[in-house]
Amino acid sequence: MTYTKKQFAQELKQQLERGYDVMGLSQWAYLLIIDRYREIDLELDKIIQKIAVMGEGSEFEFSEAELLTLVNQLNISE
């Protein structure tokens, strides 16, 4: 079964509703890659990896607004 962009967008939105936490989002995305590695296509994998590395330094961080924009873009991309 393929893990879709829409599914990812919904889960990312849920994570953001819990509060904007760079380390928490980073860890969540990293675990998502591990748990669903066979279900994620290459394009979505790249997006998730960008979120997973946010914890590596401020130069990799997305703002909450940027992540919400991503949620909206992914919801309409399929």
Rounded to the nearest 0.5 angstrom, the CD-CH2 distance for Gln14 and Trp28 is 9.0 Å
For Glu59, is the CD atom crowded, meaning more than 12 foreign heavy atoms sit under 6.0 Å from it? yes
Quick one: does Ile33's side chain get under 4.5 Å of Gln49's, heavy atoms only? yes
If you define the side chain from C-beta out and look only at heavy atoms, does anything of Lys5 sit under 4.5 Å from Glu43? yes
When you measure from the side chain of Ser26 to the backbone N and O of Val22, does any donor-acceptor pair fall under 3.5 Å? no
Could you grab the distance from atom NZ of Lys6 to atom CG of Leu44, nearest 0.5 Å is fine? 13.5 Å
Could you tell me if the side chain of Gln10 sits less than 4.5 Å from the side chain of Leu12, heavy atoms only? no
Answer yes or no: is there a donor N or O on one side and an acceptor on the other, between the side chain of Thr2 and the main chain of Glu39, under 3.5 Å? no
Would you confirm whether Gln27, through its side chain, and Gly24, through its main-chain N or O, come within 3.5 Å as a donor-acceptor pair? no
Using a 4.5 Å cut-off on heavy atoms from C-beta on, say whether the side chain of Leu70 contacts that of Ile51. yes
Got Gln15 and Leu67 here, is their nearest side-chain heavy-atom distance under 4.5 Å? no
Using the rule given for side-chain contact (heavy atoms from CB on, under 4.5 Å), can you reason through Glu11 versus Leu32, listing the C-alpha separation, both sets of side-chain angles and the distance that settles it, and then say yes or no? CA-CA 10 Å; Glu11 291 180 16; Leu32 186 62; 4.0 Å; yes
Is the backbone N or O of Thr4 less than 3.5 Å from a side-chain atom of Gln7, with the two atoms forming a donor-acceptor pair by type? yes
Value rounded to 0.5 Å, distance of CG in Leu16 from CD in Glu64: 5.5 Å
I'd like to know if Tyr30 and Phe8 are part of one continuous hydrophobic network [Ile/Leu/Val/Met/Phe/Trp/Tyr, side-chain heavy atoms within less than 4.5 Å]. no
Could you check whether any side-chain heavy atom of Asn75 comes within less than 4.5 Å of a side-chain heavy atom of Val71, counting everything from C-beta outward? yes
Quick one: does Lys50's side chain get under 4.5 Å of Phe62's, heavy atoms only? yes
